[in-house]
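Here is the structure we will look at.
All values reported here derive from a predicted model rather than from experimental measurement.
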Amino acid sequence: MNPILPSRACLISDKVKMEPIAAEDGVAKESLSFIENGDSATYKYLDFVTGMKKVCFEAATPTMGGQIEIHLDGQDGPLIGVCDVTNTDEWHKWATFSCPVQAGQPVEGVHALTLVFKGRGGRLFNLKSFAFCE
């Protein structure tokens, strides 16, 4: 599993911030933080391999959380999955959440991927990374 880090995002909503988190293996990292309902993050030039079955997210929240909608080629593009993020007790207590890829046809080739964040209330969760997993 090769994680895609938040810093690779080409476009993020104005209110979303990159927040430093504790270094792992000597490498400083960041998370997408202050995510609220309707915010989004877009990652371009991802090469999709045929047979991709799941998307895994590392996220954290002391709130009731929310959902991550996964769209191809833009916020209004085809919806290929929805992942629930639930309470982890702290803003930096990371857990892995996964969901199946539900495309009507196999996803392959190079695409942009847009994550659209949904939920109720104010701040929903922090996102540390995501990956295509099995």
Side-chain angles (χ1 to χ4, degrees):
M1 181 165 99
N2 293 322
I4 298 169
L5 303 176
S7 58
R8 183 160 175 212
C10 299
L11 180 64
I12 59 175
S13 298
D14 291 341
K15 296 176 288 188
V16 176
K17 309 243 185 289
M18 293 287 201
E19 181 178 57
I21 58 176
E24 296 172 6
D25 302 325
V27 178
K29 298 203 178 189
E30 296 177 308
S31 68
L32 286 181
S33 300
F34 301 95
I35 294 170
E36 295 183 2
N37 183 54
D39 287 338
S40 64
T42 299
Y43 298 80
K44 292 185 179 179
Y45 310 114
L46 297 181
D47 194 359
F48 290 83
V49 178
T50 303
M52 177 185 66
K53 298 197 182 333
K54 287 193 330 185
V55 182
C56 296
F57 295 91
E58 274 191 282
T61 183
T63 72
M64 59 193 256
Q67 293 183 318
I68 303 171
E69 290 184 353
I70 308 156
H71 294 265
L72 284 181
D73 301 320
Q75 191 165 343
D76 296 324
L79 178 67
I80 64 167
V82 178
C83 189
D84 291 320
V85 175
T86 58
N87 185 295
T88 64
D89 295 327
E90 299 176 20
W91 287 115
H92 293 105
K93 183 177 179 184
W94 306 102
T96 300
F97 302 93
S98 64
C99 62
V101 172
Q102 303 169 342
Q105 57 189 0
V107 179
E108 57 186 22
V110 177
H111 293 272
L113 188 78
T114 299
L115 307 177
V116 179
F117 308 111
K118 301 287 184 165
R120 295 183 302 176
R123 189 172 171 188
L124 302 176
F125 47 81
N126 292 341
L127 179 64
K128 181 178 177 185
S129 67
F130 70 95
F132 304 105
C133 52
E134 296 190 36

**Item:** Smallest separation among heavy atoms of Leu124 and Arg120, with atom names
**Value:** CD2-O, 3.7 Å
**side-chain contact (heavy atoms from CB on, under 4.5 Å) between Glu19 and Trp91, worked out** = CA-CA 11 Å; Glu19 181 178 57; Trp91 287 115; 5.9 Å; no
**Shortest non-hydrogen contact between Gly81 and Gln102, atoms and distance** = CA-OE1, 4.4 Å
**Message:** Could you check whether any side-chain N or O of Ser31 sits under 3.5 Å from a backbone N or O of Ser33, counting only pairs where one atom can act as donor and the other as acceptor?
**Reply:** no
**Message:** Taking less than 2.5 Å as the test, are the sulfur gamma atoms of Cys83 and Cys99 close enough?
**Reply:** no
**Least distance between heavy atoms, Val116 atom then Gln75 atom** = CG2-CG, 3.5 Å
**Prompt:** Do Thr96 and Phe57 come close enough that some side-chain heavy atom pair is under 4.5 Å?
**Reply:** no
**Fill in**
One should read off an interatomic distance between Ile35 CD1 and Lys118 NZ, to the nearest 0.5 angstrom, of 13.5 Å
**Message:** Under a 3.5 Å distance rule, please check whether Asn87 uses its side chain to pair with a backbone N or O of Pro62 as donor and acceptor.
**Reply:** yes
**Prompt:** Mind checking whether Val101 and Val55 have side chains closer than 4.5 Å, heavy atoms only?
**Reply:** yes
**Complete:** In this structure, CD1 of Ile70 is separated from CZ of Phe132 (nearest 0.5 Å) by 8.0 Å
**Prompt:** Can any side-chain N or O of Thr114 pair as donor or acceptor with the backbone N or O of Thr42 at less than 3.5 Å?
**Reply:** no
**Message:** Treating Asp39 as the side-chain partner and Ser13 as the backbone partner, does any N or O pair qualify as donor plus acceptor under 3.5 Å?
**Reply:** no
**Asked** Quick one: are Leu115 and Leu127 in side-chain contact, heavy atoms under 4.5 Å?
**Response** yes
**Message:** Does atom CG (Asp47) have a neighbourhood of more than 12 heavy atoms from anything else shown, all under 6.0 Å?
**Reply:** yes
**Asked** Would you find a donor on one side and an acceptor on the other, under 3.5 Å apart, between the side chain of Asn37 and the backbone of Gly119?
**Response** yes
**Prompt:** Does NZ belonging to Lys44 count more than 12 external heavy atoms closer than 6.0 Å?
**Reply:** no
**Fill in**
Rounded to the nearest 0.5 Å, the OG atom of Ser40 sits from the CZ atom of Phe117 at a distance of 7.5 Å
**Asked** Quick one: are Leu5 and Met18 in side-chain contact, heavy atoms under 4.5 Å?
**Response** no
**Request:** Working to the nearest 0.5 Å, report the span between CG of Asn126 and CG of Leu32.
**Result:** 8.5 Å
**Message:** Could you report the tightest heavy-atom contact between Ser98 and Lys54, atom names first, then the distance?
**Reply:** OG-NZ, 3.9 Å
**Item:** Close side-chain approach of Glu69 and Val82, heavy atoms under 4.5 Å
**Value:** yes
**Distance-only polar pair, side chains of Ser129 and Glu58, donor-acceptor under 3.5 Å** = yes
**Asked** Closest heavy-atom contact between Tyr45 and Val110?
**Response** CA-CG1, 3.6 Å
**Prompt:** Does any non-hydrogen side-chain atom of Ile68 lie less than 4.5 Å from one of Phe97?
**Reply:** no
**Request:** Evaluate the side-chain proximity of Val16 to Phe34: yes if any heavy-atom separation is below 4.5 Å, no if none is.
**Result:** no
